[in-house]
Protein chains: 2
Amino acid sequence: VSAAVREVVLRHAITDAPKASDFEFVERRLPATPPAGTVHVRLLWLGLDPYIGQTLRARHMGEKAPAPGEPLPAEGVAVVLASNDPTFSVGDHVVGNCGWAEEAIVPAARLRRVDPTIAVAEHLGVLGMPGLTAWAGMTQLAKVRAGDVFTVDAAAGVVAGTAGQIAKIEGATVVGIAGGADKCTIATESYGFDDCVDYKLDGWAEKLPTDISVHFENVGQRVLDAVLPRLAINARMVLCGLAQHYGDGSVAKLPVGPIIGKRAQVFGVVVYDYFGRRDEWVSYAAPHIREGRIVEHQDIAEGLENAGAQIERVSLGKTEGRALVRVGG
Amino acid sequence: VSAAVREVVLRHAITDAPKASDFEFVERRLPATPPAGTVHVRLLWLGLDPYIGQTLRARHMGEKAPAPGEPLPAEGVAVVLASNDPTFSVGDHVVGNCGWAEEAIVPAARLRRVDPTIAVAEHLGVLGMPGLTAWAGMTQLAKVRAGDVFTVDAAAGVVAGTAGQIAKIEGATVVGIAGGADKCTIATESYGFDDCVDYKLDGWAEKLPTDISVHFENVGQRVLDAVLPRLAINARMVLCGLAQHYGDGSVAKLPVGPIIGKRAQVFGVVVYDYFGRRDEWVSYAAPHIREGRIVEHQDIAEGLENAGAQIERVSLGKTEGRALVRVGG
């Protein structure tokens with residue numbers, strides 16, 4: 001049996017948005033040799049998404065919440081320390097759900113190999129679920145193209161940042177919507193958006209374009225109410241997330257009349273449906289990442305001991321860009 | 001100057017749904033020879049749609065209501081009595097907006113020629129705006145295909161009837177939703193739907209399929225609330241009309257969460273956008289009409305003097321199938 005490793009788990013079941021005090025460390029002893037079909041990995045990075053706060057209280061797409069003491073969900077980047085599966089070798093970089101742990105024994109089927117020459121932490125952001133979400137919404141559903149006027153909220157985040165950078169690559173004008181000057185600066189400076197509107201300022205909606213041809217929704221009613229009257233005829237809208245509503249359980253609604261009047265096309269996107277098409281996204285993204293046209297802004301918490309505080313910040317909308325936890329070097 | 005002809009107009013401006021008593025006849029004297037670019041037509045049929053009741057009180061897509069005494073909107077089938085435009089000859093059958101009149105002088109540009117060997121009144125129904133609406137929604141937006149489970153409300157109407165018959169032709173299972181046994185019988189007997197659910201019966205929603213892959217909405221909240229939880233993953237929904245809400249001005253809303261969860265695709269359809277593509281629809285429909293696979297159920301009021309009563313019935317949802325007024329033989 002190997003040395004004990006630390007893992008962050010829920011201290012108790014939660015019904016509200018997660019707080020740092022809801023988590024604690026446990027020690028686990030891992031077997032010296034991984035069982036057949038598994039690998040032993042050391043975590044490098046954890047990616048923390050808003051949906052995780054929902055999953056922890058069983059409010060994400062019907063998923064069961066982990067019980068106190070059980071491994072927590074999150075994609076991580078890890079390096080293989082020992083392998084008992086032909087798919088992976090020692091030293092491989094992998095991505096997958098490994099828990100919020102220093103080290104873990106993980107079924108090989110849950111992991112995929114990543115190319116560390118492109119990026120490492122980026123496999124949790126632009127190359128991970130957030131980027132895949134943006135790619136699916138922008139290229140498979142809304143089919144953004146030259147001349148589009150594109151708006152996206154939660155604009156400092158990686159879903160929005162990647163969606164906007166894809167839109168720029170395809171020739172659209174891109175206007176972000178974000179809460180606060182710092183987040184708007186990330187959208188315009190880091191991601192190269194043409195403009196970003198701060199929804200915390202009075203009269204913000206009046207600053208939006210009035211001919212929005214593609215909109216990508218991550219927030220909810222507050223933004224929908226501002227965007228709907230400003231849609232162009234034949235606008236396309238991707239519905240992705242409802243961060244505004246995760247905290248209080250309120251329901252976002254789209255009035256039907258304007259959807260008809262604008263001949264709008266509305267697409268719900270769930271990234272799970274595109275897991276089998278990651279290679280397409282990575283092929284699209286890799287040259288743009290190498291040449292700096294797709295970047296991610298990272299908000300890094302140092303060490304697993306800060307993972308609980310980081311998911312609390314994510315749930316409060318306080319993180320700016322890709323929320324990560326650096327687990328090990 | 002020719003003999004006087006009668007025309008139905010508004011007696012006074014209206015703000016509620018139109019009633020028979022809101023209309024009156026006026027007499028007009030038409031010039032003996034139509035001015036250049038116009039034709040003199042004799043009306044055969046008028047088609048009365050729910051949107052007309054909205055237009056008459058300026059609640060349809062920003063359109064101005066006709067003032068008392070002005071010509072009223074409705075497509076009509078007419079025959080050309082005299083022409084001062086090279087496009088049309090005496091005896092041509094034409095369709096267009098000619099007012100609710102026995103005869104009228106109409107700009108040639110407002111008319112299109114129809115093939116009287118296919119059908120005549122049908123150019124106001126399956127071959128007119130309702131059929132074009134159904135074709136656009138089903139083949140251009142929802143792209144119905146074999147294996148789909150299709151639901152449509154206002155199922156005795158021509159939009160729904162045509163949508164359902166297109167769905168049957170393309171290989172879908174078709175379930176109508178309508179108010180009352182008579183309307184359901186039209187859907188199943190006249191249109192050949194596989195089933196029709198009477199929403200006036202308790203527990204009606206439980207009789208809907210639970211794997212609806214395409215839905216076409218003509219009514220509003222009452223049906224949307226029943227259909228949304230029964231959508232299949234990746235369902236497509238066409239939003240066309242909101243008959244339930246025309247009377248009281250209430251607002252239908254779609255909750256965003258289920259649209260995301262179902263990965264639904266929602267399309268607003270406005271038939272105006274497809275006026276330039278009528279020929280495609282007529283080409284698709286003509287053989288099916290000739291061979292009885294696309295039919296329309298007609299609800300005929302005899303004579304212009306009953307046009308006001310007919311639009312009242314339309315606005316109350318009392319007509320069954322294509323609401324027509326037979327103006328002349």
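What's counted below: heavy atoms across the whole structure, side chains too, no hydrogens, waters or symmetry copies. By convention in this document, chain letters (A, B, ...) are assigned in the order of the sequence lines, proteins followed by strands, and residues within each chain are numbered from 1.
Going from atom OH of B/Y272 over to atom CZ of A/R263 covers 9.0 Å, rounded to the nearest 0.5 Å.
If you tally non-hydrogen atom pairs under 4.5 Å between each of A/A252, A/C240, A/G220 and chain B, the highest count goes to A/A252.
Of the listed residues (A/V256, A/L254, A/V266), just one forms a side chain to side chain contact (heavy atoms under 4.5 Å, CB included) with B/L239, and that residue is A/V256.
Looking at every heavy atom in both residues, B/I260 comes nearest to A/G241 through CD1-N, 4.1 Å.
Within a 6.0 Å sphere centred on NZ of A/K253, heavy atoms belonging to other residues, nucleotides or ligands number 12 at most.
The part of A/L242 that comes within reach of chain B is its side chain, from C-beta onward, which places non-hydrogen atoms under 4.5 angstrom from that chain. Contacts between A/V269 and chain B at a heavy-atom distance below 4.5 Å involve the backbone alone (N, CA, C, O).
Looking only at side-chain heavy atoms (C-beta outward), A/I233 and B/V270 stay at 4.5 Å or farther from each other.
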